[in-house]
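Everything below concerns the one structure shown next.
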Amino acid sequence: MKPIEPSRKPFSTWFSADNIFTGLITAFLLVILVFFLLYPVVVICRLSFLKDGFFTLQNYLEYFSEPRIFRSFYNSMFVSLVTMVITTVLAFLFAYGLTRTTLPGKGFFYMVSTLPLIAPTIIQALALILLFGRNGVITRYLLDTSWNIYGATGIIVGEILYCFPNALFILYTTLSAVDTRLDEAAQSLGASALKTFFKVTLPSAKYGIASAAALTFNLTITDFGIPVVIGGDYSVLATEIVNKVFGMQRFDLGATISVILLIPSITAFAINYYLTRKSYAMISGQARPFIQPSRPLKKWAFTAYSVFICSCILLVFVTVFLGSFVKTWPYDFSLTLKHFDFPSLGASVPIWTAFWNRVLEPGSLRDMIAIKYAPIWTSLLVSLVVAVVGASMTLVAAYIIEKKKPRGEQLLYALSVLPAAIPGVVLGLGYVLAFNKPYFLIYGTIWIIIINVVIANFTLGVLSGTANLKQIDKSVEEAAVSLGAGPVTTFTKIVFPLSKVAFLSTTTFFFMRAMTTISAVLFLVSAQIKLAAIEIIFLDVDGRTASANAMCTVVVLIVGIFLLIMRLTTGSSGLSGMSSSK
Amino acid sequence: MGRDLKLENLTKRYGRLTAVDHVNLEIHEGEFICFLGPSGCGKTTVLRMITGFETVTEGKIIFDGRVINDLLPKKREFGIVFQSYALFPNMTVEENIAFGLKMRKMPKKVIAERVDVMLDLIGLSGWRKLYPAQLSGGQQQRVALVRALAPDPQVLLLDEPLSALDAKIRLRLRAEIKRLQQELKKTMIHVTHDQEEALSIADRVVVMEGGQFRQVGRPIEIYKNPSCRFVADFVGTSNFFEGRRTDDIVDLGKRKIKIAQNGSGINEAVSLSIRPEHVEVFKKGEPSAVDEPLNLVPGRIEVVVFQGAAVRLLIEIDGDEIIADINEKEFEQRSLKRGNEIFLYFPPEAFLVFAEGEGKT
């Protein structure tokens, strides 16, 4: 008896609903990433190499021939390298204390050390100025010295405080994953504690150390917030780009410096990315978290060290908080709320204006909330949209990459990882050059800002998504399919519920980034659309330092409240896994 | 004929690597088939092609008279049980079992009844509200089993369902699967690398190596009458000798052995295999009246492994190690010890003879 052949030909399997679905989503994500990530970068490169339609190196010659401008390159490298070394050493010791000793209060120390993630990078600079600036409470009051922290020193100290949790996260993961039995084996074979540290512990963490260093370098060289506030005359690449564009309207030079900045930043990112993978590949499933009780001296030394680091971090927050509530720092410490009465900052997005007009009576209160606080409401709106859109998009992208593996998956992955390598200032400038066209309708609206922030932070969302999805056994999905579930049901009933924790922490991450980011959106704000984090800079530049502190305090409070709400409603997610470490 | 499953020249290639190489098999409705082989032999690939999660490179899978090569997995209505259980961690035991029924849009009442029946079947009715993480491995796999059975699949496919479990639970669950199969009379295809499991559970065993079926047969045939050296080696324990046969005498180099079969050629290369339980052990000085003095070989007990009812002896002869199993009572009575000088006797008719080309002569 001859079996019945199906009437349709083999391509019917390929042509199934599942594949069409996957294909459409892949295409959609690719188009978004190419248009909003690749295209702006290409525009920047083109502008830097072209003059009147011809290829030229003139921009680069101009850059390198003018010593004052060239200095910014040297400065950037210097600041980033010094920050890299110091941060890595400090974070390694801290991570070692948390993972390899029995010091008390580990949870508290870890939590405090992640605090810098919830604030705009500018907070470190504001605090340092309040403490060590021209009118710093320590420099002017306690020591009465004319020395102040502006310049390279300020940038380095600020960047160390800002990069610390990012480096710590990688080193903490590395050290807690490396099998401590290796240490025990070495000691049982007669190695001294010091020898064990240098011959076993340190080498086994080498990839983690190098990747933390590369990440710190990348974060520092791409940062704009700290150098612009505390750098003074000390110009770095990121501030130089803004200077050329805003100060001189020289977009071509801005583009040129952008390309120059891209080189070390992409290199550092690539090193970090490569080594992180290598480091995680070395992690054995055998790692055992049991630690022998540490000797008292070691224990107290690491406790003292952790207390010191955490105090520094807390001091930053406390200083800025205080700075926003006292009358005239550092002369008159009586408390006041007047710095929270921000200067009239202009228009708000219509949806908020309508909202406040509806809920509040006309009067000074409405003016204050609807107009003076406009940037805060805009930031909040942008952040909420970014949180939902960003977390959803990256989860879907991660799902496609990790589980569906369609054609073009590798390109999708490469484009998803790329954003972390591109400095925010560069991407922002790319947006201005690429999309500032009359026919491009969303330019000048909050949508371009939303897209920019989502794209700029795409990497972490996708990486944390894929890491989470890797843990979902492939058979679980196959089980669902074999029981009759289609692609949509499988995703909504199985994959999404199992990714909920990762999804929520990505949501929190996108929200924090949107509230605190400065460099990426600097070029995209306007008289109509203002963002709280950017206003901090403008207030500071205007000399309204106390109001800048107050705005910073508001941003930190909003992020803090958001974290608290997330924690109370979902019971999940501390700050772990949310640093920009890849 | 009922709803049989037929594999015709089924082949799977990954680039230049052939994972499954033109295999043929007919599985009858209600039959319990076991694919047995070492890892990488292609057994799981065959199973995954039957499930539809792996595409077919060449050949046909025919079910109930229809070619199903291109049918989507969910349209095949085959139940699958995975090695890792693959229970949905976000659903209770009850919800897991109901999942397939809900996908088929059955009425709520029918689903509830069916879930009850399934829970009774595995004796976990009191655990229905628990989540998979709250169950032991054995319980999880039992839930996975009835989750796959709940929608009444045409065929149940089991992909190494017991390998992740402890030895004791594995034995219990093995018996339970067998019981379920006999009760439900469902066609089941089971993949395993554990020969004992395959022999004890299946109606027919398919021994695979290198993407090919080496032997298909009832467990007892496979054990007693392996078709080639690989099967003799993989299924059960065997002692092997390599030598050259002339008539019924095999020259092992160091000594000659008599076997029960005559060969056709002169000086033909063969390998001999003999099961440990067929090797007889005599203490020196014990009466050893044997039929074939040529096959009586002196040796020394090197290692004694107590295995419960049997005792396994590793015995050195001519610098080779021979495994002999004797029952525990006999071992006690004759007070055998490590270091004893002994004689081994290989009954000529106990030898299986394989020609160099692996096939049996």
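Just so we're on the same page: letters track the sequence lines, and every chain starts at 1. As the structure is a computational prediction, the values presented were derived from the model and not from experiment.
- Checked against side-chain hydrogen bond (donor to acceptor under 3.5 Å, both in side chains), B:Gln181 has no partners two or more places apart in sequence or in another chain.
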Donor-acceptor list for residues 153-162 of chain B side chains, cut-off 3.5 Å, not counting sequence neighbours:
unit_1	atom_1	unit_2	atom_2	d
B:Gln154	OE1	B:Arg3	NH1	2.5
B:Glu160	OE1	B:Ser163	OG	2.9
B:Glu160	OE1	B:His193	ND1	2.9

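- B:Phe78 touches chain A through its backbone: at least one of N, CA, C or O sits under 4.5 Å from a heavy atom, while the side chain does not.
- Of the residues considered (B:Pro73, B:Pro89, B:Ala144), B:Pro89 shows the highest number of contacts with chain A, using heavy-atom pairs under 4.5 Å.
- Neither the backbone nor the side chain of B:Thr51 comes within contact range of chain A; no heavy atoms are under 4.5 Å apart.
- Contact tally against chain A (heavy-atom pairs below 4.5 Å) for B:Phe99, B:Phe82, B:Phe63: the top residue is B:Phe82.
- For the atom pair CG (A:Leu412) and CD1 (A:Ile401), the distance works out to 4.0 Å, reported to the nearest 0.5 Å.
- Contact of the B:Leu180 side chain with the B:Leu145 side chain is registered, since non-hydrogen atoms from C-beta on lie closer than 4.5 Å.
- The most heavy-atom pairs under 4.5 Å with chain A, out of B:Ile80, B:Asn90, B:Val56, come from B:Asn90.
- When every heavy atom of B:Thr92 is checked against every heavy atom of B:Arg128, the shortest pair comes out as CB-O, 3.6 Å.
- Using a 4.5 Å heavy-atom cut-off against chain B, the contacting residues of residues 467-482 of chain A are A:Asp473, A:Ser475, A:Val476, A:Glu478, A:Ala479, A:Ala480, A:Val481, A:Ser482.
- Atom CD of residue B:Glu95 and atom CG of residue B:Leu87 lie 12.0 Å apart, to the nearest 0.5 angstrom.
- Proximity of the aromatic rings of A:Tyr110 and A:Tyr172 is defined here by a centroid distance below 6.0 angstrom, and this criterion is met.
- Under the salt bridge (charged side-chain N to carboxylate O under 4.0 Å, His left out) criterion, B:Arg204 pairs with B:Glu31, not counting sequence neighbours.
- Residues A:Ala398 and A:Val462 share a closest heavy-atom pair of CB-O, 3.8 Å.
- Proximity to chain A is absent for every atom of B:Arg76, based on heavy atoms less than 4.5 angstrom apart.
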